Amino acid sequence: MSIIPPRTLKGFRDYLPQTMAAREQVIETARSVCRNFGFAPIDTPVLEYSEILLGKGGEESDRQMYRFEDHGGRDVAMRFDLTVPLARFAAQHVRRLGTPFKRYHVGPVWRGENTQRGRYREFVQFDFDTIGTESLLADVETLVVVHDLFAALGFEGFTIHFNNRSLLNGLLDKLGLEDQAAVVLRALDKMPKIGPHGVSEELRRAAGTSDQQVNSILALAGLTGTNDEVVAALPAIVGSSPRAQTGLAAVEEVLAGVRASGIPEERIRVDVSIARGLAYYTGTVYETFLADLPGIGSVCSGGRYDDLASLYTKQRLPGIGGSLGVDRLIAAMEELGMVDESAAAADVFVALFVPERVGDYLGLAAELRAAGLSVELYPEARKLGAQMKYADRRGHRLAVIIGEDEWDSQTAQVKMLATGRSTEVPLSQLGRRCSDMLEEAG
RNA sequence: GUGGCCGUAGCUCAGUUAGGCAGAGCACCUGGUUGUGGUCCAGGAUGUCGCGGGUUCAAAUCCCGUCGGCCACCCCA
């Protein structure tokens, strides 16, 4: 019988314990931050009718969609993000849920695109959205959630860049380029990568814009300075069309709200070059970058989409939210050395020393767990040195050693593996003493 | 999807130029130390050289295909 080579598909990966522990920790942190703001958890199926997903993220996502016929001949597809399923979900259940409806949703999504570092065909997104309100307070809250999330994950240097689509639309009104919106947005999105020259060349080539038009667009995209300076310079550039006014007011209000929420000025930036490719954004848009790893791209982005759910319901369902790229974030954390190598190890290691007393060791381990400790009992009565070595390599923090003498005297040796110091502890106090020692060591 | 670079031990890689015994460091295992890890010393095990085919007396090395990874474009988390 020939052996089947074990392998995974392009862009699909296995997760080893260290990575998986980091992933669970990121998701746990994100959940707890969202709950602090009153977001509730939901889930939706991986498969949807193709008609639900097609055409929602633009041509590109249609092309990348995993799509096939199911066992009943239905035309089905795998979700490529969590926002479009949310729109369907909201249209279907909004009467029961009421608005505003705030939810978070974590799960894998699939895009059949070419792979690269931090870019896979199956990856996990963590989304949070507020549905059913046009209030800019929801926009403010979204940015505050992003901020609290990265702060809670332990990041120091990160910046949330935000913008409003109406500013760009206002400028397009002024320049008579309304029909070229998609092309212009796409060119602008490349600003940090190809610079003003690249953008102007692209604009001329793809949209056939005049020199004067290009200059106006670049004047907007190239705005630099403090947030106040940028805001002050905007009116002259984007003009006074209704859309421009809306965008301007929105940026100012969101900035004020974010400041009032106590977000440090250096972590939020009004950045008019943020355009976002996805077709469905209509108002606020934002991306989050890590100061130490700008090359990895945005690790959390999103925006306001006031028209999306209208595809599935006549009821008006505006929304705003964000999407955290869990896999990309973990790739970043691994590169930045933020992943704790021993996160998967139990705090307390119990050596199995006297095989005849297996039952006593099992009982002891159970008692310690009942006392709130994470405990691993070694499964074989190997040489003590080998067991200690295992405990050390695994990253356990305390080793509990009980041999014949200790059983006789009802004591245990508790060893701090980091320092090598050993303490004799009566078995009756073992749980409490272990907790104390872990507490003291931090 | 298009173009380029790459794939050798668990990991990081050398060896490919110009075909000639499959290597290093780290990790791992055993012993020194039959009740104590990290250091040290001695010894040991470890390979479909990604996979398939071709050229050749001989292929990790050259050719073709394929799978996978990375980079650019594209798009995006």
Side-chain angles (χ1 to χ4, degrees), chain A residues 2-14 16 18 26 30 57-65 80-83 106-127 146 182 185-187 189-190 193-194 198 202 206 274-279 281 285-290 295-302 322-332 349 351-354 378 381-407 412-422:
Chain A
S2 69
I3 287 177
I4 299 164
R7 54 183 186 155
T8 53
L9 285 164
K10 179 185 182 72
F12 290 70
R13 303 161 305 147
D14 289 326
L16 273 55
Q18 190 183 316
V26 165
E59 285 170 42
E60 192 64 23
S61 61
D62 284 3
R63 220 175 312 133
Q64 296 176 353
M65 204 176 295
F80 57 88
D81 72 2
L82 299 178
T83 304
V106 56
V109 300
W110 293 266
R111 294 181 196 173
E113 66 178 330
N114 227 335
T115 54
Q116 252 170 68
R117 183 176 58 126
R119 214 172 145 157
Y120 314 102
R121 289 185 167 176
E122 176 183 61
F123 58 97
V124 169
Q125 287 196 327
F126 186 105
D127 272 34
V146 174
L185 288 179
R186 216 170 296 141
D189 215 25
K190 293 182 199 163
K193 226 172 199 178
I194 62 179
E202 171 133 355
I274 298 294
R276 315 270 313 130
L278 280 178
Y281 292 115
V285 284
Y286 68 89
E287 301 189 346
T288 310
F289 298 99
L290 303 176
I296 204 159
S298 173
V299 284
C300 182
S301 17
S323 194
L324 179 71
V326 174
D327 296 271
R328 185 174 282 186
L329 189 61
I330 284 165
F349 175 82
L352 178 53
F353 204 161
V354 187
Y378 199 77
R382 290 181 68 196
K383 275 175 40 180
L384 191 55
Q387 297 193 44
M388 292 303 291
K389 192 168 182 173
Y390 170 87
D392 180 53
R393 292 282 151 80
R394 264 312 152 91
H396 296 288
R397 298 171 66 201
L398 295 180
V400 171
I401 299 159
I402 308 173
E404 287 291 8
D405 299 344
E406 284 86 355
W407 280 122
Q413 274 186 55
V414 180
K415 187 165 188 168
M416 295 279 314
L417 285 163
T419 61
R421 196 171 315 156
S422 209

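Everything numeric in this text was worked out from a predicted model, so none of it was measured. Letters A, B, ... are given to chains in the order of the sequence lines, protein chains preceding strands, and every chain is numbered from 1.
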Inset, instruction - Examine Arg13(A) relative to Tyr120(A) and say whether NZ or CZ is less than 6.0 Å from the centre of the six-membered ring and inside a 45° cone about the ring axis. - result: yes
Inset, instruction - Could you state the atom-to-atom distance from CG of Asp62(A) to C1' of C74(B) in whole Å? - result: 16 Å
Legend entry - Letter per nucleotide, 5' to 3', of nucleotides 29-43 of chain B [B base touched, S only sugar-phosphate touched, - untouched; heavy atoms, 4.0 Å]: SSS---BBBB-----
Inset, instruction - Please give the nucleotide sitting opposite U61(B) as a Watson-Crick or G-U wobble pair, both distances under 3.5 Å, or none. - result: none
Inset, instruction - Take atom C1' in U46(B) and the same atom in G25(B), then report the distance between them in whole Å. - result: 15 Å
Inset, instruction - With heavy atoms under 4.0 Å as the rule, sort Gly112(A) into base, sugar-phosphate or nothing. - result: nothing
Inset, instruction - Send over the distance from Arg111(A) CZ to C74(B) P, rounded to a whole Å. - result: 17 Å
Legend entry - Nearest-Å distance once atom P is located in both U8(B) and U48(B): 11 Å
Close N or O pairs between protein and nucleotides 71-73 of chain B (under 3.5 Å):
from	atom 1	to	atom 2	distance (Å)
C71(B)	OP1	Arg117(A)	NE	3.3
C71(B)	OP2	Arg117(A)	N	2.7
A72(B)	OP2	Gln116(A)	OE1	3.0
A72(B)	N7	Gln116(A)	NE2	3.4

Inset, instruction - Over all heavy atoms of both residues, which pair between Val400(A) and Ala412(A) is shortest? Give the atoms and the distance, please. - result: CG1-CB, 4.1 Å
Inset, instruction - Provide the closest heavy-atom pair for Gly420(A) versus Lys415(A) in the form atom of the first, atom of the second, distance. - result: O-CE, 3.4 Å
Inset, instruction - Could you tell me whether a side-chain N or O of Glu406(A) sits under 3.5 Å from a main-chain N or O of Gln413(A), the two making a donor and an acceptor? - result: no
Inset, instruction - For residues Val326(A) and Phe123(A), determine if any side-chain heavy atom of one lies less than 4.5 Å from a side-chain heavy atom of the other. - result: no
Legend entry - Any N/O donor-acceptor pair, Arg7(A) side-chain to C67(B) base, under 3.5 Å: no
Inset, instruction - Step by step, work out the side chain to side chain contact (heavy atoms under 4.5 Å, CB included) result for Glu122(A) and Asp327(A). - result: CA-CA 9 Å; Glu122(A) 176 183 61; Asp327(A) 296 271; over 6 Å; no
Inset, instruction - Could you check whether the rings of Tyr390(A) and Tyr378(A) sit parallel, tilted or perpendicular, using 30° and 60° as the cut-offs? - result: perpendicular
Legend entry - C1' atoms of G50(B) and C67(B), separation to the nearest Å: 8 Å
Inset, instruction - Under a 3.5 Å limit for both distances, which nucleotide forms a Watson-Crick or G-U wobble pair with G19(B), could you say? - result: none
Legend entry - Strand partner of A42(B), provided both Watson-Crick or wobble distances fall under 3.5 Å: U30(B)
Legend entry - d(CG, Asp14(A); C1', G69(B)) in whole Å: 15 Å
Legend entry - Thr83(A) vs Gln125(A) side-chain heavy atoms within contact, under 4.5 Å: no
Legend entry - Gap between atoms CZ and P, on Arg121(A) and C76(B) respectively (whole Å): 17 Å
Legend entry - Separation of the C1' atoms in A22(B) and A60(B), to the nearest angstrom: 8 Å
Legend entry - Counterpart base for U48(B), defined by Watson-Crick or G-U wobble contacts under 3.5 Å: none
Legend entry - Atom-to-atom span, CD of Glu122(A) to P of G68(B) - whole angstrom: 14 Å
Inset, instruction - Considering only atom C1', compute the distance from U55(B) to C62(B) and round it to an integer number of Å. - result: 8 Å
Legend entry - Nearest-Å distance once atom C1' is located in both A9(B) and C49(B): 10 Å
Inset, instruction - Take Phe123(A) and Phe12(A), find for each the nucleotide of RNA chain B with the closest heavy atom, and name the residue whose nucleotide sits nearer the 5' end. - result: Phe12(A)
Inset, instruction - Would you mind reading off the distance between Tyr120(A) atom OH and G69(B) atom C1', rounded to a whole angstrom? - result: 11 Å
Legend entry - Donor-acceptor pair present, Glu113(A) side chain and A77(B) base, under 3.5 Å: yes
Inset, instruction - Scan every strand shown for a Watson-Crick or G-U wobble partner of G3(B), both distances under 3.5 Å, and answer none if you come up empty. - result: C71(B)
Inset, instruction - Using whole Å, report how far CG of Leu9(A) lies from C1' of G69(B). - result: 14 Å
Legend entry - Side-chain heavy-atom pair Leu398(A), Met416(A) within 4.5 angstrom cut-off: yes
Legend entry - Same-atom distance (C1') from C11(B) to G47(B), integer angstrom: 14 Å
Legend entry - Pairwise C1' distance for G4(B) and C74(B), with rounding to whole Å: 16 Å
Legend entry - Flag side-chain contact, heavy atom, 4.5 Å: Ile274(A) against Tyr286(A): no
Inset, instruction - Quick one: look up who G37(B) pairs with, Watson-Crick or G-U, both distances under 3.5 Å, and put none if it's unpaired. - result: none
Legend entry - Short side-chain N/O contact from Lys10(A) to OP1 or OP2 of G69(B), under 4.0 Å: yes
Inset, instruction - For Arg111(A) and Phe80(A), indicate whether the former's side chain and the latter's backbone hold a donor-acceptor pair under 3.5 Å. - result: yes
